[in-house]
Amino acid sequence: MYKSAGNIVSRTGVLYPWPKQLLSACKDAKSISQIHALMIFTGVFSNGDSNGQLIASYARIGDVTSARRVFEESPQRGVVTWNAMIIAYSRNDSPNEVQNLYRRMILEGVRPDSSTFTVTLKACSSLLDLKAGEKIRSQAIDFGYKDDIFVGSSILNLYAKCGKMDEALGIFNGMTKRDLVSWTTMITGFAQSGQPVEAVEVFRRMQIEEIKGDAVLMVGLIQACTNLGDMKLGISVHGYMIRQHLPMDVVVETSLVDMYAKKGLLNLASRVFEKMSYRNVVSWSALMSGFAQNGFAGNALELLIEMQSYGFKPDLVSLVSALLACSQIGFLKLGKSIHGYIVRRVEFDRVSGTAVIDMYSKCGSLSSARILFDRISYRDSISWNAMIASYGIHGHGKEALSLFLQMKLMSQRPDHATFASLLSALSHSGLVEEGRYWFGIMHSDFGIQPSEKHFACMVDLLARAGLVEEAHKLIGSMEDEPGIAVWVALLAGCRNHGKLELGEKVAKKVFELKPNDPGIYALVSNVFALARKWDEVALVRKVMKETGMKKVPGYSVVEVRGKLHAFLMEDKSHPQHHMIAAMLDRLEYEMRAMGYVPRTEYVLHDLDEQVKERMLCNHSERLAIAFGLLNTGPGTRLLITKNLRVCRDCHEATKFISKIVDREIVVRDIKRFHHFKDGVCSCGDYW
DNA sequence: CAGTGAACGT
């Protein structure tokens, strides 16, 4: 047997094409096995390289089992054969098999080459197996691959994925050769380790050395901008790509969509999305989650439908975003069917399991949430946290606490989020003593250093209970510079307890911190309005407009006979508008007779008192309640979902309404459930 | 010869 001009001449003198070309044309296992037979016949099979080609061919069509069979049957295995099998497992997403084969290879005394190390290191990165990775790193150095650029980048990526950016940077700085991949690994590593400033810094270094980036690098840079929330920089990166004529592929464009969407710049995000020439499921769900996370549940759900009309099957991620949207508007019916879809068509993971729990609880079915929680086999701290938070928003602080204690008993370690859920549950139930106690020992007994989030919960807990001064003092005791969340909690307390002097100061502070949330601007402007600082109110409005943030309009949703009906504030578009208005007039007449006084201090504008009163009764939750009363039989429980906090005047009014019409009215706002019955609310007027 | 770096979620 010898090779001649790209052909094989067999022992019998027959001319065959060299199997490599033949193999690369094979589209199915059958044709590959025919060539396999040919190779055995011609004796080519004993050659290590051709074993490798055969293995690679099976791997290419996704048949790892056959690839493995060829591997095991090979009479002799050179490094090419080993690499082919290792690469097959790597492509097949089987990092454990990669590691196993590598170990076996070393034991059998085969000398690995640069590819072997590169691929095996990649497997360690995806397993976050730093220990094994470091061992392979030292072996790679022993075998003389210290300055190999492929091995080098793989090592950087190993440290980056394991969150060891200090190490990665040290190695990177000491590398004799760097290429675009190693630069990219550093930038992406920093961006994904929550160090976006360092990511941008690496890019600047690159620019000084006059190295041009590519699409993959830009994705890392865009992620850094997303994490920084710095849209000036983000837009400049976007512009840079256009000017430099850098290729825009679906991944780059999707990360741009994600960046704008996360910042609430949904018009920009949609524009980039619409201009994409090619989209996939990830692009659709990036935009969808952007809408959902910024409170535009309806738009998000429209996208879920639209993507399917374009032939894209929603994946778990888009379904989780859809569940979030359902939670926001109390769309139990759709949430249930998404739950069913996940069970039948996708299969749960931990995140989606938690999202379903969250959906049931926010749509009013606390018991369904609990049943699901008890049923899921793999309970991690996230599902515990979701269930604790569920009790919290339903105002069941005691149950939340007891679940927390149960979690401890089952030796599930509480984490940061557990304490955040617990403290917020205690806060909603006014369990101040318990809050102080657990906050006090979370560091000493659980080793969890209270973060800004916990301080914010604690400030909320105190300020909500009227202990605004104590909350203020707590902020003063913080070691780190208090962030926006903490001040916002205090500000809400100031507003709810009429501490306007302090409130004004805090409002200024919050305003200076440039929040990225229209709701926070609304609160700031609200406090200024209460303090009658109309100039400041106007200024806040102006800044909001300039940042281009889409303001979330207040709306309420009520479910009547399985259909959702949404009402905006002062919504006159509804076909039953006149009946609704008449119903509200009638109710108001009776309410006033019973002693109801409109609380106009919650209207923002500098307006006449009578106009303010008018505006209050046109709040979306009132329209939804009136519509619900008109369209359901006596005694039916009403469930209303509001996307913002229910205003205090509406809260007061709903108590009266529940008494007048003798109905149970459940209102869920962005924070919690209010259960109205017989003129009282389950929250005990606890703000 | 191939092998290294990339997007969406509770």
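We name chains A, B, ... by the order of the sequence lines, and we start the count at 1 in each one.
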>> For A:V200 versus A:L221, what's the shortest heavy-atom pair and its separation?
In response: CA-CD1, 4.4 Å
By side-chain contact (heavy atoms from CB on, under 4.5 Å), which residues pair with [X], not counting sequence neighbours?
| X | answer |
| --- | --- |
| A:T254 | A:V250, A:M276, A:V282, A:S283, A:A286 |
| A:A199 | A:I187, A:F190, A:A191, A:A224 |
| A:T116 | A:V79, A:N83, A:I86, A:Y102, A:M105, A:P112, A:D113, A:T120 |

Donor-acceptor pair under 3.5 Å, [X] side chain vs [N] base:
| X | N | value |
| --- | --- | --- |
| A:S255 | B:dA7 | no |
| A:T118 | B:dT4 | no |
| A:D214 | B:dG5 | yes |
| A:T185 | B:dG5 | no |

>> Check for me whether A:R279 meets the cation-pi criterion with A:F273, that is, NZ or CZ under 6.0 Å from the six-membered ring centre and within 45 degrees of the ring axis.
In response: yes
I need the [atom1]-[atom2] distance between [X] and [N], as an integer number of Å.
| X | N | atom1 | atom2 | answer |
| --- | --- | --- | --- | --- |
| A:N157 | B:dG5 | CG | P | 5 Å |
| A:I187 | B:dT4 | CD1 | C1' | 15 Å |
| A:I338 | B:dG9 | CD1 | P | 16 Å |
| A:M241 | B:dA7 | CE | P | 14 Å |
| A:L121 | B:dG5 | CG | P | 10 Å |
| A:L156 | B:dT4 | CG | P | 15 Å |
| A:L316 | B:dC8 | CG | C1' | 12 Å |
| A:L303 | B:dG9 | CG | P | 14 Å |

Taking any heavy-atom pair under 4.0 Å as a contact, classify [X]: base, sugar-phosphate, or nothing.
| X | value |
| --- | --- |
| A:N280 | base |
| A:V119 | sugar-phosphate |
| A:D349 | base |

Between [X] and [N], is there a side-chain N or O to OP1/OP2 distance below 4.0 Å?
| X | N | value |
| --- | --- | --- |
| A:Q293 | B:dT10 | yes |
| A:Q192 | B:dA7 | yes |
| A:K262 | B:dA7 | no |
| A:K161 | B:dG5 | no |
| A:Q223 | B:dA6 | no |

>> If you take any heavy atom closer than 4.0 Å to DNA chain B, which residues from residues 171-182 of chain A end up in contact?
In response: A:L180, A:V181
> Which pairs pass salt bridge (Lys or Arg N to Asp or Glu O under 4.0 Å) with one or both residues in residues 348-362 of chain A, sequence neighbours excluded?
Replying inline: A:R350-A:D380, A:D358-A:K362
> Which residue pairs satisfy the salt bridge (Lys or Arg N to Asp or Glu O under 4.0 Å) criterion with at least one member in residues 79-104 of chain A, sequence neighbours excluded?
Replying inline: A:R68-A:E97, A:E72-A:R104, A:R104-A:E108
Among [options], find the nucleotide with the atom closest to the side chain of [X].
| X | options | value |
| --- | --- | --- |
| A:T354 | B:dG9, B:dT10, B:dA6 | B:dT10 |
| A:V219 | B:dG9, B:dG5, B:dA7 | B:dA7 |
| A:S352 | B:dC8, B:dT4, B:dG9 | B:dG9 |
| A:R91 | B:dA2, B:dT10, B:dA6 | B:dA2 |
| A:D258 | B:dC8, B:dT4, B:dA6 | B:dC8 |

> Any luck finding a side-chain donor-acceptor pair between A:S182 and A:D179 under 3.5 Å?
Replying inline: yes
> Do A:H396 and A:H428 come close enough that some side-chain heavy atom pair is under 4.5 Å?
Replying inline: no
